[in-house]
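Single-structure report; data block below.
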There are 2 protein chains.
Amino acid sequence: MNINTATSIFESLSSGIRLDVFRLLVKKGLEGMVAGEIASTLNIPPTNLSFHLKALTHSHLLSVEQEGRFQRYRANIPLMQTLITYLTEECCDGHPEHCPDLQMKTKCGDMTFETQKSL
Amino acid sequence: MNINTATSIFESLSSGIRLDVFRLLVKKGLEGMVAGEIASTLNIPPTNLSFHLKALTHSHLLSVEQEGRFQRYRANIPLMQTLITYLTEECCDGHPEHCPDLQMKTKCGDMTFETQKSL
DNA sequence: CAATTATTTCAATATATGTTGAATAGTTGT
DNA sequence: ACAACTATTCAACATATATTGAAATAATTG
């Protein structure tokens, strides 16, 4: 993942509406949802939703597939995993002492959640 | 972590300049950097950098401490960890089959991670 | 093939964000 | 107090994003 991809994804998730849409579609998994269904679930005018779906699709956080006269959207979970990996590396590579999850991964059983107290 | 905090962080990281600043400060760890040092390192006019530092500080991704006539900025790594946890849960709660990391975690000493659900 | 349905595009408008140089405020050393 | 230094705020301008209803596009139905 390069920095342009990352900023593009962050930009996509920086709107409340888009984050709502993405989280909704994550819950739906492979089933996904068609545009109108998303619009009625989240109470967003179709025109506006279309604007946000376009942004999410352009950053590849959503995939879209035509299904008759419907457009079915699905969350791109592998891309989100790539983003999580990128963030984990960015934050912990230089300073693994701050990253209990990574420590846990390598040691498997020596867990201290001290750094999370401030969360 | 609630959705407003998340969107605020995403908004902060949606600018190339701000992501560069954050990544730079992550590398510096506890040492951090003063504003002028960041500006010269990344070749950003001080006025513009100040604008972005303010955004990053406001979303709590950076902390700032006065040091004589300098302002020393540091990355808030615990907050980034919280974000990573949030994203992981958002993406994997419903579909653990897509999340090898979480599967691995559950195999490591039977940790249920209840403490993280509330983040 | 006209009517219906689903969604997007377009045009207009409103709001928000990004960038810059000049002015400002706080800090240090003389 | 003063001059030099660091960083921010301000004002102006430029650019980008968000929202809406009407019109257009595309697929389906009768």
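Letters A, B, ... mirror the listed sequences (proteins, then strands); counts begin at 1. The structure presented is a predicted model; accordingly, all values stated were derived computationally and were not measured.
- Phosphate proximity of D:dT6 to B:Tyr73: absent, as no side-chain N or O sits under 4.0 Å from OP1 or OP2.
- Computed from coordinates, the A:Leu13 CG to D:dT17 C1' distance equals 16 Å when rounded to whole Å.
- For B:Gln71, counting side-chain heavy atoms from C-beta on, the closest listed nucleotide (D:dT8, C:dT17, C:dT20) is D:dT8.
- Among the protein residues, B:Ile17 comes within range of the sugar-phosphate backbone only, with heavy atoms under 4.0 Å from sugar or phosphate atoms but none that close to a base.
- Rounded to whole Å, the distance from NE2 on B:His52 to C1' on C:dT20 is 12 Å.
- Atom P of nucleotide C:dT15 and atom CG of A:Asn48 are separated by 15 Å, given to the nearest angstrom.
- Side-chain proximity of A:Thr47 to the nucleotides D:dT8, C:dT9, C:dG26 is greatest for C:dT9.
- The existence of a salt bridge linking A:Arg72 and A:Glu65 is excluded, since no basic side-chain nitrogen approaches an acidic carboxylate oxygen closer than 4.0 Å.
- Across all strands shown, A:Arg72 has no heavy atoms under 4.0 Å from either base or sugar-phosphate atoms.
- Minimum heavy-atom separation, B:Leu25 to B:Tyr73: CD2-O, 3.5 Å.
- The listed nucleotides are D:dT9, C:dT17, D:dT8; the one nearest the side chain of B:Lys54 is D:dT9.
- Counting to the nearest Å, the P atom of C:dG21 and the CD1 atom of B:Ile44 are 14 Å from each other.
- Regarding A:Arg69, its CZ atom lies at a distance of 15 Å from the P atom of C:dA3, rounded to whole Å.
- Counting non-hydrogen atoms under 4.0 angstrom, A:Phe70 reaches the backbone sugars and phosphates but no base.
- Regarding B:Asp20, its CG atom lies at a distance of 14 Å from the P atom of C:dG18, rounded to whole Å.
- Side-chain N or O atoms of B:Asn76 include one that pairs as donor or acceptor with a backbone N or O of B:His60 at under 3.5 Å.
- The residues A:Arg18 and A:Glu11 are annotated as salt-bridged, a charged nitrogen and a carboxylate oxygen being separated by less than 4.0 angstrom.
- Taking atom CD of A:Gln66 as the reference point, atom P of C:dT5 lies 18 Å away to the nearest angstrom.
- Comparing B:Pro46 and A:Ser15 along DNA chain D, the residue whose closest nucleotide (by nearest heavy atom) sits nearer the 5' end is B:Pro46.
- At whole-Å resolution of the value, CZ in A:Phe51 and C1' in C:dA11 are 14 Å apart.
- What you find for B:Leu61 and B:Ser12 is that their closest heavy atoms are CD1-CB, 3.7 Å.
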